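Data block below; observations after.
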Amino acid sequence: MTRAAMTQRLGRLEDAAGGTIPLYLRRWLGEPLTADEQVQADAEWQHAQASFPDLSRLTPAMSAWLAERGATT
């Protein structure tokens with residue numbers, strides 16, 4: 001995937017989410033980050049791993065899918 005295509009996709013995801021995508025997800029998606037952004041992404045990842053995920057934005061269908069996946073793993 002080209003950098004332009006990645007930038008377009010990230011922009012669409014941010015527009016759909018109504019905010020910005022965390023740096024650790026941007027890194028996972030392949031966006032090049034500066035050294036300072038890498039450090040911040042590491043900190044965000046540590047925080048995300050240490051806290052319970054916010055499931056308040058899930059639709060009933062999403063919750064049902066997660067419940068099914070959790071029961072089979």
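All values derive from a computational prediction rather than experimental measurement.
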Item to check | Close side-chain approach of Glu44 to Val39, heavy-atom, < 4.5 Å | outcome: no
Checklist entry - Shared ILVMFWY cluster between Leu23 and Leu29, side chains joined below 4.5 angstrom? => result no
How long is the gap from [atom1] on [X] to [atom2] on [Y], to the nearest 0.5 Å?
{"X": "Leu33", "Y": "Gln38", "atom1": "CG", "atom2": "CD", "value": "4.5 Å"}
{"X": "Trp45", "Y": "Leu25", "atom1": "CH2", "atom2": "CG", "value": "8.0 Å"}
{"X": "His47", "Y": "Tyr24", "atom1": "NE2", "atom2": "OH", "value": "8.5 Å"}
{"X": "Glu31", "Y": "Glu37", "atom1": "CD", "atom2": "CD", "value": "7.0 Å"}

